[in-house]
Amino acid sequence: IRISDVTMKQSGQGFSLSFREKIELCKLLDKLLSRNEKLDASIRSILVNVVRILLLFLLLLTCADKLGLPTDSIITLLGTFGLAFSLAMQNSLSNLAGGLFILGSKPFETGDYVSVAGAEGTVTQIGFIHTALTTIDNKIIHVPNSTITGSVVTNFSASKRRVDLTIPVSYSCSLDHAKQVIEKVLSRDSRILADPEAPFVRVWDLGASAVNLMVRAWCNGADYWEVRSWMIENIKKELDKEGIAIPYSQLDVHLIDKK
């Protein structure tokens with residue numbers, strides 16, 4: 001097939017113009033989709049990328065047709081290449097299917113704090129192949145989507161969470177007094193909720209060196225870590241102020257003189 005210089009020049013100009021139009025069309029599509037507040041940012045990104053690939057494919061076919069190239073043969077060749085590519089990229093395609101499943105079923109969304117496949121952190125991106133988590137110490141973990149769909153996912157970003165603490169107190173102290181001190185501390189923080197359950201302070205078990213009190217309090221999910229830290233600090237301060245000891249682990253040794 002012989003292609004004249006004029007045809008090449010016209011095709012090149014047409015390709016350049018169409019390519020710029022494709023970019024503008026993708027930008028317009030992204031802008032329109034961003035107006036939908038219910039549409040997840042990851043889904044919007046995937047839709048724009050899919051449209052971009054399809055437009056590029058159609059653009060290449062159009063240019064090939066203008067150049068007089070047999071488009072049927074090109075489509076057949078691309079189909080064969082696609083089959084070979086899919087066989088070679090089975091794992092990646094499995095991750096892609098997993099990503100679509102995550103976006104469709106929404107076990108979590110961008111911004112949620114989750115634990116999955118031994119990793120824990122805030123979801124920063126749900127991509128084609130993997131999901132990115134940012135840990136509390138600012139590490140970025142990339143978890144393959146196929147691993148996520150085959151694992152147990154724990155989403156900690158529920159509207160309300162319960163803080164559970166075990167507070168050991170000395171055997172010699174008054175348990176009623178210790179419980180009153182802790183309840184007084186909990187009543188001072190407005191972030192601690194009365195619904196779905198009022199703050200709970202009960203004797204939980206008798207340890208080797210202390211009586212363990214179970215403390216439970218509900219708060220909003222976004223306040224969980226701050227409330228937990230506040231509770232530990234202020235319960236310790238109030239117990240010290242009231243002279244209620246939090247004992248160290250200890251072992252009493254009795255020496256018996258057999259003489």
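- Using modelled atom types, one side-chain atom of Thr135 and one backbone atom of Lys139 make a donor-acceptor pair closer than 3.5 Å.
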Legend entry - Worked check of side chain to side chain contact (heavy atoms under 4.5 Å, CB included) between Leu133 and Val114: CA-CA 8 Å; Leu133 307 179; Val114 301; 3.9 Å; yes

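- Follow the hydrophobic side-chain contacts under 4.5 Å out from Trp204 and you never reach Val215; the two are in separate clusters.
- Considering NE2 of His130 and CD1 of Ile141, their distance stands at 12.0 Å, rounded to 0.5 Å.
- To the nearest 0.5 Å, atoms OG (Ser209) and CD1 (Ile246) are separated by 12.0 Å.
- The line from CG of Leu193 to CZ of Arg162 is 13.5 Å long, rounded to the nearest 0.5 Å.
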Legend entry - side chain to side chain contact (heavy atoms under 4.5 Å, CB included) between Cys219 and Val163, intermediate numbers included: CA-CA 8 Å; Cys219 65; Val163 181; 4.1 Å; yes

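- Under the 4.5 Å side-chain contact rule for hydrophobic residues, Phe200 and Tyr224 do not share a cluster.
- A 4.5 Å side-chain heavy-atom check between Leu206 and Asn212 finds every atom pair outside the cut-off.
- Other residues, nucleotides and ligands contribute over 12 non-hydrogen atoms within 6.0 Å of the CD atom of Glu197.
- With Met231 as the partner, the side-chain contact (heavy atoms from CB on, under 4.5 Å) test is satisfied by one option alone out of Ile192, Ile167, Asp189: Ile192.
- Contact check for Trp230 versus Ile235: no side-chain heavy atoms found under the 4.5 Å cut-off.
- In terms of modelled atom types and a separation under 3.5 Å, the side chain of Asn155 and the main chain of Pro107 share a donor-acceptor contact.
- Side-chain N/O atoms of Asp176 and Ser174 include no donor and acceptor closer than 3.5 Å.
- Interatomic distance, CG of Leu239 versus OG of Ser170, reported as 11.5 Å (0.5 Å rounding).
- Taking the six-membered ring where the residue is Trp, Trp225 and Tyr113 present perpendicular rings, their angle passing 60° and hence far from 30°.
- Contact check for Thr166 versus Leu213: no side-chain heavy atoms found under the 4.5 Å cut-off.
- Linking ILVMFWY side-chain heavy atoms closer than 4.5 Å, directly or via other members, places Val153 and Ile126 in a single hydrophobic cluster.
- More than 12 heavy atoms of other shown residues, nucleotides or ligands fall within 6.0 angstrom of atom CG in Asp205.
- Using a 4.0 Å cut-off between a side-chain N of Lys or Arg and a carboxylate O of Asp or Glu, Lys179 and Glu183 do not qualify as a salt bridge.
- Between Thr124 and Thr110, every side-chain heavy-atom pair lies at or beyond the 4.5 Å cut-off.
- Between the side chain of Ser187 and the backbone N or O of Lys184, at least one donor-acceptor pair lies under 3.5 Å.
- To the nearest 0.5 Å, atom CD of residue Gln125 and atom OG1 of residue Thr134 are 10.0 Å apart.
- Looking only at side-chain heavy atoms (C-beta outward), Lys237 and Val185 stay at 4.5 Å or farther from each other.
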Inset, instruction - Just do the side chain to side chain contact (heavy atoms under 4.5 Å, CB included) check on Thr131 and Asn145 with the steps written out, would you? - result: CA-CA 6 Å; Thr131 294; Asn145 290 332; 2.8 Å; yes

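- Under 4.0 Å is where a charged nitrogen must lie from a carboxylate oxygen, and between Asp223 and Arg161 no such pair does.
- In this structure, a donor-acceptor pair under 3.5 Å is absent between the side chains of Asp112 and Thr122.
- Without hydrogens or angle criteria, Ser151 side chain to Thr147 main chain gives a donor-acceptor distance under 3.5 Å.
- A salt bridge is defined here as a Lys NZ or Arg NE, NH1 or NH2 lying under 4.0 Å from an Asp or Glu carboxylate O, and Arg188 with Glu238 meets this definition.
- Here Ile182 contributes atom CD1 and Arg202 contributes atom CZ; the two are 12.0 Å apart, rounded to the nearest 0.5 Å.
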Legend entry - Verdict with reasoning, Asn234 to Leu186, per side chain to side chain contact (heavy atoms under 4.5 Å, CB included): CA-CA 9 Å; Asn234 285 273; Leu186 299 180; over 6 Å; no

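- Under a hydrophobic clustering in which Ile, Leu, Val, Met, Phe, Trp and Tyr are joined whenever their side-chain heavy atoms come within less than 4.5 Å, directly or via other members, Val227 and Met214 fall into different clusters.
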